[in-house]
There are 2 protein chains.
Amino acid sequence: MTQTAPRPTASSWQAIRDEVRRRIHSREWAPGSVIPTEVELAASFGCARMTVNRALQDLAAAGLLDRRRKGGTRVALHPVEQARLEIPVIRAEIEATGAAYGYRLLERRLAVPLPEFQARMQVPDRTPLLNVLALHLAGDRPYVVEDRWIDPDLPGLSEAPFDETSPNEWLLEHIPYTGGEISFGAHAASVIEARALQTSVGAAVFGIRRTTRDGEHALTTVDLTYAPGHRMRTTL
Amino acid sequence: MTQTAPRPTASSWQAIRDEVRRRIHSREWAPGSVIPTEVELAASFGCARMTVNRALQDLAAAGLLDRRRKGGTRVALHPVEQARLEIPVIRAEIEATGAAYGYRLLERRLAVPLPEFQARMQVPDRTPLLNVLALHLAGDRPYVVEDRWIDPDLPGLSEAPFDETSPNEWLLEHIPYTGGEISFGAHAASVIEARALQTSVGAAVFGIRRTTRDGEHALTTVDLTYAPGHRMRTTL
DNA sequence: CAGAATAATATGTCTAGACATAATCCGAGT
DNA sequence: ACTCGGATTATGTCTAGACATATTATTCTG
């Protein structure tokens, strides 16, 4: 089961990547120092240069290596730590805990957003947007409040009442996008949030703020406010 | 400057990756559907199969594609959203805002940790660990409190008084590690946190909880509690 | 000696072919 | 029908060589 025999020539690009990463973490190759060239590594691993190249490119993409033509490959100064957070659809997130998924639409209206949301959606003053307030439940316990503003001109939106399917799910399923911003923070629960989450006003809650866009055009922005105690986890 | 002439055969793996990504985002290839095989794509792009392979592997790593031997390649159902959070050294994080970095050691002692930290460090009952409480400042404003527990047997630890350099920085610089866990959440500021951050007890604060290990052995675990209003940002 | 032209070098990428491996498909036998 | 195996197939990976490209190092020149 265990890798009892660490053969010097385990030439697969993933094995080479792991070995190089090990040498970086073990300080065998110090931060900032130049590591052997691809040709040298290929010789020492007993494989083709392309195989080494594939491994080093992977580590460079992960931020562990800095590579420059002719300059060689060096270990990144500040081995930038990256945590890969997976942001699942809320339904999947809840079902993954084993609880039954529940959904309740709290409000759906066309309204002029507050300045904060207006800025996030990059729309002119007094432009009405579609606002949807909804609650996601794990079993019978409130899990997260979704406060979303949507560009009312999105195709198919009029056929989406959001009384059964959450905007979170509907948008992912129907609206293509190219990117966006996301941020995480803490705030004191508002009156609306506290009521929906069955907690007290001012309770410390975790929130995700997110804007999704297609090119330059903002499609939707959302505040997800989780019930107290919620944590986002990952490994690094 | 701009790519005015989008030639049908711009065969570089990055160009192919971009083109495939475009077809996915434009719903030309719908979520869940199987896309052409590597051989077919290679023919249509007029390049070698390896080139297509490299492009598709990149998209698969990004979570946009699901690939299975013999099963073919299909567009991911729920384009698993991944946010890559960069977790910088606190000093760099503060200096990036333009503020001067400040550091104050609040406490340094050998003590038996509370059950919660004991569990995180995976040590037996009544094992004393090194506890360091420190404050990081942006200019003259408190930025984040670092409450850390360290394996007292780490080499070189006795020469690290932590009165000038934070454990955060010292550990990254001196102790190799292989992985760990990290989680993000919100909680109400404790008395100690409130005093250090110059805020009120019970204020909603953002916290990072992190354990770093070398193989199976836990090296250190830390609670980082940020001043109210702090947000972690990234793009997707 | 400064600056420009030139050589050297490490990475970036493509290719064409080969074999490995995991899944699926499908037919044979019970 | 149902199960077991083999044939098929798409991806996974390696290779050896070639040329491209960016950058550094060196040499030539005014």
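Proteins get letters first, then strands, A, B, ... in listed order; numbering begins at 1 in each. Reckoned from all heavy atoms, side chains included, excluding hydrogens, waters and symmetry mates.
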How close or far is atom C1' of C/dA22 from atom NZ of B/K70, stated in whole angstroms?
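The distance from NZ of B/K70 to C1' of C/dA22 comes to 10 Å, rounded to the nearest Å.
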Qualifying salt bridge (Lys or Arg N to Asp or Glu O under 4.0 Å) pairs with a residue from residues 136-148 of chain B, counting only residues at least two apart or across chains:
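For residues 136-148 of chain B, and leaving out neighbouring residues, the salt bridge (Lys or Arg N to Asp or Glu O under 4.0 Å) pairs sorted by first residue read B/E146-B/R148.
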Quick one: salt bridge (Lys or Arg N to Asp or Glu O under 4.0 Å) pairs with a partner in residues 163-176 of chain B, sequence neighbours left out?
B/R91-B/E169
Quantified as the angle between the terminal helix axes (five pairs each), what is the overall bend of the helix from C/dC1-D/dG30 to C/dT30-D/dA1 to 10 degrees?
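Here the helix ends are tilted 10° relative to one another.
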Using side-chain contact (heavy atoms from CB on, under 4.5 Å) as the criterion, list what pairs up with [X], not counting sequence neighbours.
X      : answer
A/A138 : A/I94, A/A99, A/Y143
B/R231 : A/S183, A/R209, B/R233
A/R84  : B/Q82, B/R84

Given DNA chain C, 5'-ward residue of the pair A/R68 and A/M50, judged by closest heavy atom:
A/R68
Nearest heavy atom decides the nucleotide; on that basis, is B/T73 or A/R69 closer to the 5' end of DNA chain D?
B/T73
Under 4.0 angstrom, heavy atoms only, what part of the nucleic acid is B/R49 near: base, sugar-phosphate, or nothing?
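Since a base atom lies under 4.0 Å of B/R49, the category is base.
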Under 4.0 Å, heavy atoms only, any strand: does B/G72 hit a base, just the sugar-phosphate, or nothing?
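Sugar-phosphate contact only.
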Please enumerate all residues that pass salt bridge (Lys or Arg N to Asp or Glu O under 4.0 Å) together with [X], with sequence neighbours excluded.
X      : answer
A/R22  : A/E19, A/E28
A/E93  : none
B/R120 : B/E116, B/D223

Please list, chain by chain and in numerical order, all residues satisfying side-chain hydrogen bond (donor to acceptor under 3.5 Å, both in side chains) with B/E181, sequence neighbours excluded.
B/R213
Will you find, in the side chains of B/Q57 and A/R54, an N or O donor that is under 3.5 Å from an N or O acceptor?
yes
Polar contact flag, side-chain donor to acceptor under 3.5 angstrom, A/H136-A/Y101
yes
Contact interval (first through last nucleotide) of DNA chain D with protein chain A, 4.0 Å heavy-atom:
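On DNA chain D, the outermost contacted nucleotides are D/dT13 to D/dT24.
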The correct set of residues in residues 32-42 of chain B placing a heavy atom under 4.0 Å from DNA chain C is none
